[in-house]
Amino acid sequence: MQPVERAEYEGVDYAWVMQTTFVVTILVGAPAAALLSTLVTLESWGARAAFAVRVGAPIWFVTAVAVALYAKRAEAGDGGAGTDDDAAPDEEADSGDDGDPTEDGEPSTNGSGKRD
């Protein structure tokens with residue numbers, strides 16, 4: 001079995017935005033469209049479909065913009081970038097260690113035999 005590929009995200013993860021928009025629109029938009037349909041007489045299936053498009057499109061658009069703005073502001077759905085786990089390797093590289101590890105826990109020397 002082949003391993004699952006991982007991606008490194010920089011900025012907004014638009015796949016997350018699209019998936020979240022879809023779910024939120026179904027959860028919020030469907031009940032809203034159903035409630036609004038009680039205020040209008042829809043005599044045929046064509047009228048019902050046209051009403052669903054007229055009501056659903058703005059709900060979808062507003063939801064997509066809101067989710068995209070949220071993702072950009074909160075860095076949501078970015079694949080976990082910026083977590084403590086990702087920061088640990090960078091901190092090791094910038095720790096100021098001169099790369100002279102000792103086996104017995106003694107401080108490293110600066111090359112002249114003197115301790116730092």
Between side-chain atoms of residues 20-28 and protein atoms elsewhere (two or more places apart, or another chain), which donor-acceptor pairs fall under 3.5 Å?
unit_1 : atom_1 : unit_2 : atom_2 : d
Thr20  : OG1    : Trp16  : O      : 2.8
Thr21  : OG1    : Val17  : O      : 2.7
Thr25  : OG1    : Thr21  : O      : 2.6

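Both Tyr70 and Val12 belong to a single network of hydrophobic side chains, linked directly or stepwise wherever heavy atoms of I, L, V, M, F, W or Y lie under 4.5 Å apart. Note on Leu39 and Ile59: same hydrophobic cluster, where clusters join Ile, Leu, Val, Met, Phe, Trp and Tyr whose side-chain heavy atoms are under 4.5 Å apart, directly or indirectly.
Interatomic distance, Gln19 CD to Tyr14 OH, rounded to the nearest 0.5 Å: 15.0 Å.
Partners of Leu42 under the side-chain contact (heavy atoms from CB on, under 4.5 Å) rule, at least two apart in sequence or in another chain, are Ser37, Val40, Ala47, Arg48, Phe51.
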